[in-house]
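Structure provided below as structure tokens; questions to follow.
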Amino acid sequence: MQDEPTPIELTKSVADFLRNDITPLISGHQAFKLRVAINILDLVTRQLTQQEGRDAAEVERLRGLLGMDGSVTDLNRALAERIAKGEVDLATPGLAEHLWQTTMDKLAVDQPGYASYKRELGRDG
């Protein structure tokens, strides 16, 4: 069933309304709490628009590294166990690249304005 507006449209609309119409009316600690709420809505919007594809790509990288199938949670747990046991390390082909890409993907959702993230994006291009 396709419902309109979508969750993405709803969260973006609420964040935009708060940012554009309510923020100018509020000051002090209430303005700070409002900015926190807007940031949360922006984060949820990014999660809804980006997370699924990034999780799928992470699962594919993990499958290649580990030679097994599973959910993103199960595969990450298996990778952590292998790292803890010393079975894989940064010399393992593909591991460093996987960790870097996973970090960049998480920053794209959680902290896209982070200066170091933006700098690293510039290096990739």
ILVMFWY network linking I38 to F17, side-chain heavy atoms under 4.5 angstrom: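 Shared cluster, yes.
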Side-chain hydrophobic cluster, 4.5 Å single linkage: members besides V109: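 Result for V109 is L43.
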Which pairs with one or both residues in residues 12-22 pass salt bridge (Lys or Arg N to Asp or Glu O under 4.0 Å), sequence neighbours excluded? K12-D16, D16-R19, R19-D42
Working to the nearest 0.5 Å, report the span between CG of D110 and CD of Q51.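 The CG atom of D110 sits 7.5 Å away from the CD atom of Q51.
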At their closest point, which heavy atom of I22 faces which heavy atom of L34, and how far apart are they? CG2-CD2, 3.9 Å
Can you tell if the side chain of L95 reaches within under 4.5 Å of the side chain of L79, non-hydrogen atoms only? yes
What is the minimum heavy-atom distance between A78 and L66, and which atoms define it?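 Taking every non-hydrogen atom into account, CB-CD1, 4.1 Å.
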Within residues 48-58 or reaching into it, pairs that qualify as salt bridge (Lys or Arg N to Asp or Glu O under 4.0 Å) - sequence neighbours excluded: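 Residue pairs with at least one partner in residues 48-58: R54-D105.
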Are any of the side-chain heavy atoms of V88 and L65 separated by less than 4.5 Å?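 They are not in contact (no side-chain heavy atoms under 4.5 Å apart), so the answer is no.
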Not counting sequence neighbours, list each pair that qualifies as a salt bridge (Lys or Arg N to Asp or Glu O under 4.0 Å) and has a residue in residues 75-98. D74-R77
Quick one: side-chain hydrogen bond (donor to acceptor under 3.5 Å, both in side chains) partners of S116, sequence neighbours excluded?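 So S116 forms a side-chain hydrogen bond (donor to acceptor under 3.5 Å, both in side chains) with R119.
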Measuring from L75:CG to R61:CZ, what's the distance to the nearest 0.5 Å?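 Here the interatomic distance stands at 11.5 Å.
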Specify the closest pair of heavy atoms between Y117 and A108, including all atoms of both residues, with the distance to one decimal. OH-CB, 3.2 Å
The criterion is salt bridge (Lys or Arg N to Asp or Glu O under 4.0 Å); which residues satisfy it with R63, sequence neighbours excluded?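 In terms of salt bridge (Lys or Arg N to Asp or Glu O under 4.0 Å), with neighbours along the sequence ignored, R63 is linked to E60, D69.
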Report the residues that fulfil salt bridge (Lys or Arg N to Asp or Glu O under 4.0 Å) with E9, sequence neighbours left out, ordered by chain and then residue number. none
Please enumerate all residues that pass side-chain contact (heavy atoms from CB on, under 4.5 Å) together with A31, with sequence neighbours excluded. I26, R35
Derivation and outcome, side-chain contact (heavy atoms from CB on, under 4.5 Å), residues L48 and T6: CA-CA 10 Å; L48 290 169; T6 66; over 6 Å; no
Are N76 and T102 close enough that some pair of their side-chain heavy atoms sits under 4.5 Å apart? no
Determine whether L107 and E120 make a side-chain contact, defined as any pair of heavy atoms from C-beta on separated by less than 4.5 Å.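 They are not in side-chain contact.
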Run the ring pair (Phe, Tyr, Trp, His ring centres under 6.0 Å) test against F32 and tell me which residues pass, sequence neighbours left out.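 Per chain and number, F32 pairs via ring pair (Phe, Tyr, Trp, His ring centres under 6.0 Å) with H29.
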Could you pull out all residues at least two apart from R46 that satisfy side-chain hydrogen bond (donor to acceptor under 3.5 Å, both in side chains)?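 Not a single residue meets the side-chain hydrogen bond (donor to acceptor under 3.5 Å, both in side chains) criterion with R46.
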For L10, enumerate each residue passing the side-chain contact (heavy atoms from CB on, under 4.5 Å) test, keeping only those at least two apart in sequence or located in another chain. P5
List for me each residue that meets side-chain contact (heavy atoms from CB on, under 4.5 Å) alongside A96, sequence neighbours excluded, and say none if there are none. L90
Examine M68 and I83 and state if one hydrophobic cluster contains both, with Ile, Leu, Val, Met, Phe, Trp and Tyr joined whenever side-chain heavy atoms are less than 4.5 Å apart. yes
Linking I/L/V/M/F/W/Y whenever their side-chain heavy atoms sit closer than 4.5 Å, directly or via other members, would L41 and I8 fall into one cluster?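 As far as the 4.5 Å side-chain criterion goes, I8 and L41 are not connected within one cluster.
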